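Comments concern the structure below.
Remember, predicted model here, so these are calculated numbers, not experimental data.
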Amino acid sequence: MSRNPLTAGQPLREFLSGDARQLAPLLLGAVLTHDSRDGAVSVRLTEVEAYLGPEDSLHPDPGSHTYRGPTPRNAPMFGPAGHLYVYFTYGMHHCTNIVCGPEGTASALLLRAGEIVDGVELARHRRTTSKSPADLARGPARLAKALGLTTADSGRDALAPPFGLVLPSRPAVPVSSGPRVGVSGAGGTDRYAWRFWITGDPTVSQYKPAKPRGAKPDPATFHGR
DNA sequence: CGGAAGATTCAT
DNA sequence: TGAATCTTCCGC
């Protein structure tokens with residue numbers, strides 16, 4: 001066993017049991033692999049967002065799927081760290097999270113974008129609309145599609161075959177942060193600036209504010225790359 | 001049980 | 001800028 005300075009030698013699952021907001025920048029540069037019948041695809045994460053659970057009733061996260069408590073869909077978020085939470089949205093897209101925090105709490109990291117570092121051919125086959133290599137996993141639904149993930153994978157362990165997660169030995173730099181993409185209401189504001197990305201990386205998704213529902217976004221607050 | 005909204009993407 | 005498309009969850 002080689003000791004990873006980033007985790008201070010902790011087992012990966014224990015490391016992921018920490019605070020999602022602190023883990024988020026450290027997971028930039030990590031490589032997630034999914035090995036399927038068609039082959040393996042690996043993505044190097046360049047953009048993630050932290051979402052918290054309702055356990056802190058004084059400071060709940062209004063942008064999180066777990067804001068109003070557990071449901072059948074979000075159940076994996078309450079489970080062990082290192083598992084996947086994959087959900088179906090807009091009638092056609094899947095998005096992938098890695099669960100964080102101790103079991104019983106409901107935090108996770110939404111995998112918003114990355115660079116395909118292995119299995120590019122298979123990823124291109126799954127993402128025929130992609131025009132350039134940088135577009136293969138540029139956006140959460142694109143990333144899930146490139147990896148071949150569906151709701152059938154929700155709740156499965158990302159740290160065991162057919163999946164795998166490898167952290168970088170040192171934190172990615174430089175890292176930027178800002179409001180989360182597409183989150184309406186207070187959860188999408190500076191108050192919850194829990195989107196983290198590798199500054200200047202070409203695979204980072206384009207910033208898009210949510211349609212203002214309730215709270216209106218501040219035009220002075222633009223955090224593009 | 002009806003309906004609005006959605007952690008999005010792609011084409012127009 | 002809007003359509004696609006359907007599941008989830010809130011509210012009546």
Give each protein N/O atom lying under 3.5 Å from an N/O atom of nucleotides 3-9 of chain C, with the pair distance.
| from | atom 1 | to | atom 2 | distance (Å) |
| --- | --- | --- | --- | --- |
| C:dT5 | O2 | A:Tyr90 | O | 2.4 |
| C:dC9 | OP1 | A:Thr71 | OG1 | 2.3 |

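Every residue meeting the side-chain contact (heavy atoms from CB on, under 4.5 Å) condition with A:Ser64, not counting sequence neighbours, appears here in chain and number order: A:Tyr51, A:Asp61, A:Thr66, A:Met77. Remark: A:Ala160 pairs with A:Asp157 by the side-chain contact (heavy atoms from CB on, under 4.5 Å) rule, at least two apart or across chains. Every residue two or more places apart in sequence or in another chain was checked for a side-chain contact (heavy atoms from CB on, under 4.5 Å) with A:Arg68, and none qualifies. Listed by chain and residue number, A:Asp153 satisfy the salt bridge (Lys or Arg N to Asp or Glu O under 4.0 Å) test with A:Arg156 (two or more places apart in sequence, or in another chain). Remark: A:Val166 pairs with no residue by the side-chain contact (heavy atoms from CB on, under 4.5 Å) rule, at least two apart or across chains.
Sorted by first then second residue, the ring pair (Phe, Tyr, Trp, His ring centres under 6.0 Å) pairs that include residues 94-113 of chain A, not counting sequence neighbours, are A:Phe88-A:His94. The stretch residues 129-188 of chain A participates, sequence neighbours left out, in these ring pair (Phe, Tyr, Trp, His ring centres under 6.0 Å) pairs: A:His34-A:Phe163. For residues 165-184 of chain A, no residue pair satisfies the ring pair (Phe, Tyr, Trp, His ring centres under 6.0 Å) rule, not counting sequence neighbours. The stretch residues 104-130 of chain A participates, sequence neighbours left out, in no ring pair (Phe, Tyr, Trp, His ring centres under 6.0 Å) pair at all.
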Practice problem: Under 3.5 Å for both distances, Watson-Crick or G-U wobble, that's the pair rule; now give the dot-bracket for DNA chain B, with | marking pairs to another strand and [ ] for crossing ones. | Solution: ||||||.||||.
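The distance from atom CH2 of A:Trp194 to atom P of B:dA7 is 15 Å, rounded to the nearest whole Å. If you measure from atom OH of A:Tyr87 to atom C1' of B:dA5, you get 13 Å, rounded to the nearest angstrom. Separating the CD atom of A:Gln206 from the P atom of B:dA7 is a distance of 19 Å, rounded to the nearest angstrom.
The same atom, C1', is picked in C:dT8 and in B:dC10; the two are 24 Å apart, to the nearest Å. Across the C1' atoms, B:dT12 and C:dC6 are found 23 Å apart, a figure rounded to whole Å.
Each of B:dC10, B:dA7, B:dG6 was ranked by its minimum atom distance to the side chain of A:Ser184; first place goes to B:dG6.
How far SG of A:Cys95 is from CZ of A:Arg112: 8.0 Å, rounded to the nearest 0.5 Å.
Annotation: of the two residues near DNA chain B, A:Val181 and A:Lys131, the 5′-most nearest-nucleotide partner is A:Val181.
Across all strands, A:Gly139 comes closer than 4.0 Å only to sugar-phosphate atoms, never to a base (heavy-atom distances).
At a non-hydrogen distance threshold of 4.0 Å, nothing from residues 97-114 of chain A comes into contact with DNA chain C.
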